[in-house]
Amino acid sequence: MWQQSPDTDGDGDIDADDKLTYAEALAGASSFDLGGYDDWRLPSIKEQYSLIVFTGVDPSGYEGEDTDGLVPFIDTDYFNFAYGDTDAGERIIDSQYASSNLYVDGELLFGVNFADGRIKGYGLSMPFGPGDKTFFVTYVRGNTDYGINQFVDNEDGTISDEATELMWMQNDSGEGMNWEEALTYAENFEFAGHSDWRLPDVKELQSILDYSRSPGTTQSAAIDALFYATEITNEAGQSDYACYWSGTTHSNWSDVGGSAGAYVSFGRAMGYMDGSWTDVHGAGAQRSDPKTGNPDDYPTGNGPQGDAIRIYNYVRLVRSI
């Protein structure tokens with residue numbers, strides 16, 4: 001059960017004044033009372049991400065101020081939503097919702113951006129000025145087992161998750177490929193007596209992230225140790241783990257709106273900042289890449305935090321049990 005609106009101050013208007021710091025969001029849950037219930041909590045990143053819908057259209061790069069034609073990544077038939085408060089100096093895409101998950105390998109808080117359709121690790125302090133980063137908050141209650149995997153090693157190169165009734169390849173593709181190649185790879189794949197393997201949608205793929213693991217803390221990908229993840233060398237020359245394609249298109253408002261696909265970072269989510277490559281968004285981020293092209297065309301990444309553009313991401317296939 002979810003709080004319907006992030007209108008924290010209750011004035012009927014969702015704006016920058018409604019946003020809370022991480023500490024405020026955590027503390028506020030204990031005194032929150034709504035609908036006759038007082039057992040609300042700050043959602044985990046998997047709980048918060050459960051609300052995302054990929055009928056949204058990413059407004060990144062949009063320079064107008066009118067948001068009427070934009071489409072958020074949350075069901076507005078049920079949930080109240082607002083883009084960033086431009087009157088308060090925010091960007092249109094500043095609609096990040098806080099989770100309870102801090103990145104295990106740095107001072108980042110994972111949040112879901114329902115304006116641009118991404119999970120990122122956000123710094124707890126403002127990058128270009130004093131003060132703490134603030135977020136929209138919607139509390140949740142009930143089902144504390146949501147997002148907890150129940151993995152079973154089938155001992156045939158596959159892993160079943162009884163929580164989602166999905167069967168996963170224990171190994172990944174072992175090499176990167178563009179989005180179309182990934183779809184073809186899945187279509188022609190036969191293994192363990194099954195021929196119905198597919199490229200997972202992005203919500204399925206995010207379901208197997210393990211936010212207690214990371215390359216810097218467990219020297220592994222952010223996934224259960226039952227799985228094998230191919231080791232790569234990242235843009236900073238570090239030993240790392242790959243990003244994995246989903247079958248989900250990440251739409252953008254531009255003329256080529258379907259040219260990007262959503263991926264999930266099981267290794268560091270690299271970006272080019274202040275003249276060097278660093279883990280800007282954390283293992284467990286969900287971002288997007290062009291479906292085709294040459295990564296050499298993006299020597300310093302893309303966007304305000306220089307998100308690494310790899311295009312040739314790895315693949316881990318899934319099937320329904």
Consider only side-chain N and O atoms of [X] and [Y], and report whether a donor and an acceptor are under 3.5 Å apart.
X    : Y    : value
T249 : S251 : no
Q96  : K133 : yes
Y312 : E181 : no
Y103 : D279 : yes

Hey, is the main chain of [Y] close enough, under 3.5 Å, to the side chain of [X] for a donor-acceptor pair?
X    : Y    : result
S5   : D7   : yes
T76  : F79  : no
E231 : S239 : no
D94  : G84  : no
W277 : A308 : no
T248 : V202 : yes
E235 : G271 : no
D33  : D38  : no
N113 : I93  : yes
N302 : G306 : no

Student check: side-chain heavy atoms of [X] and [Y] closer than 4.5 Å:
X    : Y    : value
L124 : L102 : yes
N313 : M177 : no
F110 : K46  : no
F135 : L20  : no
D172 : V315 : no
W197 : T158 : yes
R268 : Y241 : no
P299 : Y272 : no

Results of side-chain hydrogen bond (donor to acceptor under 3.5 Å, both in side chains) for E90 - residues two or more places apart only: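 Here the qualifying residues are K19.
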
According to side-chain hydrogen bond (donor to acceptor under 3.5 Å, both in side chains), who are the partners of E180, at least two apart in sequence or on a separate chain?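 Checked E180 against side-chain hydrogen bond (donor to acceptor under 3.5 Å, both in side chains); zero matches.
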
Working for side-chain contact (heavy atoms from CB on, under 4.5 Å), residues I223 and I208: CA-CA 6 Å; I223 194 170; I208 59 171; 3.9 Å; yes

Worked verdict on E190 versus S195 for side-chain contact (heavy atoms from CB on, under 4.5 Å): CA-CA 4 Å; E190 294 189 22; S195 59; 3.7 Å; yes

Between [X] and [Y], which heavy-atom pair has the shortest distance, and what is it?
X    : Y    : value
A192 : D156 : CB-OD2, 3.7 Å
M273 : P304 : SD-O, 3.8 Å
S246 : A262 : OG-O, 2.7 Å
A82  : S95  : O-OG, 3.0 Å
D105 : S214 : CB-OG, 3.4 Å
G117 : H250 : O-CE1, 2.9 Å

Do [X] and [Y] belong together in a cluster built from hydrophobic side chains that touch within less than 4.5 Å?
X    : Y    : value
I148 : L42  : no
M169 : Y228 : no
L205 : Y211 : yes
L34  : M1   : yes
V57  : F114 : yes

Distance, nearest 0.5 Å, that separates [atom1] of [X] from [atom2] of [Y]:
X    : Y    : atom1 : atom2 : result
D85  : D18  : CG    : CG    : 9.0 Å
D289 : I311 : CG    : CD1   : 6.0 Å
N178 : N294 : CG    : CG    : 11.5 Å
D161 : M167 : CG    : CE    : 11.5 Å
T21  : L109 : OG1   : CG    : 10.0 Å
L51  : I74  : CG    : CD1   : 5.0 Å

Would you tabulate the side-chain donor-acceptor contacts of residues 58-71 under 3.5 Å, counting partners in other chains and residues two or more places apart, or write 'none'?
residue	atom	partner	partner atom	Å
D58	OD1	S60	N	2.9
D58	OD1	S60	OG	2.7
D58	OD2	S60	OG	3.3
D58	OD2	R118	NH1	2.8
D58	OD2	R118	NH2	3.2
Y62	OH	D66	O	2.8
D66	OD1	D68	N	3.0

Please verify the inter-ring angle class for Y97 with F136; under 30° counts as parallel, over 60° as perpendicular, anything in between as tilted.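 If you compare the ring of Y97 with that of F136, the planes turn out tilted.
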
Do the ring planes of F32 and Y139 sit parallel (below 30°), tilted (30 to 60°) or perpendicular (above 60°)?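 Rings of F32 and Y139: tilted, as their planes differ by 30° to 60°.
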
Using the rule given for side-chain contact (heavy atoms from CB on, under 4.5 Å), can you reason through I92 versus T86, listing the C-alpha separation, both sets of side-chain angles and the distance that settles it, and then say yes or no? CA-CA 6 Å; I92 283 176; T86 54; 4.0 Å; yes

Is it the case that the ring center of F151 lies less than 6.0 angstrom away from the ring center of F227?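 Under 6.0 Å, so yes.
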
Test K120 against D307 for salt bridge (charged side-chain N to carboxylate O under 4.0 Å, His left out), laying out the working first. CA-CA 11 Å; K120 290 182 178 179; D307 294 4; 3.7 Å; yes

Going by an N to O cut-off under 4.0 Å, is there a salt bridge joining R198 and E187?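 No, no charged N to carboxylate O under 4.0 Å.
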
Walk me through it: do N154 and S160 pass the test side-chain contact (heavy atoms from CB on, under 4.5 Å)? CA-CA 7 Å; N154 299 315; S160 292; 2.9 Å; yes

F54/F73 under ring-ring contact (aromatic ring centres under 6.0 Å, His included): CA gap, chis, key distance, verdict: CA-CA 6 Å; F54 275 83; F73 289 75; 5.5 Å; yes

Assess whether atom CD of E107 is packed by more than 12 heavy atoms of other residues, nucleotides or ligands within 6.0 Å.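 Open: at most 12 neighbouring heavy atoms sit under 6.0 Å from CD of E107.
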
Pick out which of F266, Y263, W168, W179 makes a ring-ring contact (aromatic ring centres under 6.0 Å, His included) with Y244.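 Between Y244 and the candidates, ring-ring contact (aromatic ring centres under 6.0 Å, His included) is satisfied uniquely by F266.
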
